[in-house]
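Predicted model only: the values in this text are computed from it and were never measured. First listed ligand is number 1; within each ligand, the first listed atom is number 1.
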Amino acid sequence: MIVRLATEADLPRLPEIELSAVDAFLTTSIPPGPLSTVTPAEGWRDALEHGTLWVIDGQQGTPVGFLGAHRDRGELHILEFDVEVGHQGKGLGRLLLNHVIAWARAEGLSEVTLTTFRSIAWNGPFYGKMGFVEIPDADMPRHLADTLKAERARNLEERCAMWLIL
Ligand SMILES: CC(C)(COP(=O)(O)OP(=O)(O)OC[C@H]1O[C@@H](n2cnc3c(N)ncnc32)[C@H](O)[C@@H]1OP(=O)(O)O)[C@@H](O)C(=O)NCCC(=O)NCCS
């Protein structure tokens, strides 16, 4: 399995992967509705051009997972992180996230941030195992508070913001 920077040719695959990944939530109490609105391929162009969009190839060299992020000063904020449903739970997500964390460290960034479901196994607890911690309210950056507010407005509950201090 290869983790690599995305190319232009990968863009059309990304909404398909994101939509497929939502199936992970079918076994949970999270309503799939708000999660089914996916970012269109063009929505990833900025990350592509800034070198903050990675994919993981499946056996045929077609991406089966991706991670798109936004870099701002010392922070890398993960916007989206998905593995196609049939490939989940096999270690690909951990491989991809470890790659991106190592990249962020090598770039001299100070933190990796994200918002996620607090108690879904492959969200908050997984990030916790990777060294992320929930951001205390007193330290919450404005843009993450705004993201959580916007997520609540989309009926996404049980969300939290986490960071990994590098
Ligand atoms: C989150 C996601 C990208 C992780 O990718 P993945 O390839 O499934 O992850 P891995 O196989 O490396 O597993 C990572 C951890 O998640 C847990 N996990 C993954 N799938 C799971 C499942 N179906 N049930 C329970 N735990 C699961 C694993 O237990 C693992 O931890 P462990 O190996 O220490 O036990 C993927 O599960 C996914 O796309 N989920 C749906 C979308 C999503 O939640 N994205 C993240 C938004 S913040």
Side-chain angles (χ1 to χ4, degrees), residues 1-6 10-11 13-41 43-44 47 52-71 75-104 111-135 140-141 143-165:
M1 298 295 176
I2 295 176
V3 177
R4 59 174 174 80
L5 279 171
D10 296 319
L11 291 185
R13 271 291 288 150
L14 307 189
E16 295 172 4
I17 294 170
E18 186 179 346
L19 195 56
S20 162
V22 173
D23 283 357
F25 293 97
L26 292 176
T27 58
T28 73
S29 59
I30 310 286
L35 298 174
S36 300
T37 309
V38 303
T39 304
W44 293 113
T52 53
L53 182 63
W54 294 264
V55 296
I56 184 158
D57 283 336
Q59 267 151 3
Q60 277 80 39
T62 305
V64 296
F66 76 98
L67 189 158
H70 175 68
R71 177 179 182 165
E75 176 185 357
L76 186 74
H77 177 62
I78 297 178
L79 297 163
E80 194 61 55
F81 172 36
D82 296 302
V83 168
E84 218 168 27
V85 68
H87 295 272
Q88 289 171 6
K90 298 175 182 169
L92 301 187
R94 185 184 296 273
L95 196 66
L96 178 51
L97 187 56
N98 268 328
H99 179 97
V100 171
I101 290 169
W103 175 87
E111 71 239 15
V112 181
T113 63
L114 52 83
T115 62
T116 194
F117 289 106
R118 185 174 282 115
S119 44
I120 298 288
W122 52 90
N123 285 183
F126 166 44
Y127 296 122
K129 283 188 265 185
M130 299 289 287
F132 286 76
V133 294
E134 207 170 319
I135 304 176
M140 188 73 70
H143 73 97
L144 292 180
D146 289 347
T147 299
L148 288 172
K149 197 169 159 196
E151 289 176 348
R152 269 195 297 277
R154 290 171 57 213
N155 288 327
L156 293 172
E157 302 293 341
E158 265 266 304
R159 300 285 289 178
C160 68
M162 302 180 84
W163 60 16
L164 174 71
I165 305 296

Give yes if a backbone or side-chain nitrogen or oxygen of [X] is under 3.5 Å from a nitrogen or oxygen of ligand 1, and no if not.
{"X": "Phe126", "result": "no"}
{"X": "Asn123", "result": "yes"}
{"X": "Val83", "result": "yes"}

Which ligand 1 atoms, with their elements, are less than 4.0 angstrom from a heavy-atom of [X]?
{"X": "Thr116", "answer": "48 (S)"}
{"X": "Phe25", "answer": "41 (C), 42 (C), 44 (O)"}
{"X": "Thr115", "answer": "48 (S)"}
{"X": "Ala121", "answer": "25 (C), 26 (N)"}
{"X": "Ala24", "answer": "41 (C)"}

Nearest to [atom], what protein heavy atom do you find, and at what distance?
{"atom": "atom 46 (C) of ligand 1", "result": "Phe81 O, 3.3 Å"}
{"atom": "atom 42 (C) of ligand 1", "result": "Asp82 OD1, 3.4 Å"}
{"atom": "atom 41 (C) of ligand 1", "result": "Ala21 O, 3.4 Å"}
{"atom": "atom 8 (O) of ligand 1", "result": "Gly89 N, 2.9 Å"}
{"atom": "atom 33 (O) of ligand 1", "result": "Arg94 NH2, 3.2 Å"}
{"atom": "atom 10 (P) of ligand 1", "result": "Gly91 N, 3.6 Å"}
{"atom": "atom 4 (C) of ligand 1", "result": "Gly93 CA, 4.0 Å"}

request  = Write down the atom of Leu164, the atom of Phe132, and the distance for their closest heavy-atom approach.
outcome  =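 Looking at all heavy atoms of both residues, the closest pair is N-CD2, 3.5 Å.
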task = Check the angle between the aromatic planes of Trp54 and Trp103 and answer parallel, tilted or perpendicular using the 30° and 60° thresholds.
result =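 Rings of Trp54 and Trp103: perpendicular, as their planes differ by over 60°.
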query = Measuring to protein heavy atoms, does anything land under 4.0 Å from atom 13 (O) of ligand 1?
reply = no
task = Flag atom 21 (C) of ligand 1 as yes if some protein heavy-atom distance to it falls below 4.0 Å, otherwise no.
result = yes
Any [X] side-chain heavy atom under 4.5 Å of [Y] side chain:
{"X": "His99", "Y": "Ile56", "result": "no"}
{"X": "Asp82", "Y": "Leu14", "result": "no"}
{"X": "Trp122", "Y": "Thr28", "result": "yes"}
{"X": "Pro63", "Y": "Ile17", "result": "yes"}
{"X": "Met162", "Y": "Thr116", "result": "yes"}

message = Please confirm whether Leu67 approaches ligand 1 to less than 4.0 Å, judged on its heavy atoms.
response =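 No, Leu67 has no heavy atom closer than 4.0 Å to ligand 1.
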Can you check whether [Y]'s main-chain N or O pairs, donor with acceptor, with [X]'s side chain at less than 3.5 Å?
{"X": "Arg118", "Y": "Cys160", "result": "no"}
{"X": "Ser20", "Y": "Glu16", "result": "no"}
{"X": "Gln88", "Y": "Val83", "result": "yes"}
{"X": "Glu18", "Y": "Thr39", "result": "yes"}

Proximal candidate to atom 25 (C) of ligand 1 [heavy atom criterion; set Phe117, Trp122, Phe66] = Trp122
note = Closest to atom 29 (O) of ligand 1 (heavy atoms only, candidates Lys90, Gln88, Lys129) is Lys129
ask   = Ion pair present between Arg154 and Glu151, side-chain N to carboxylate O less than 4.0 angstrom?
value = no
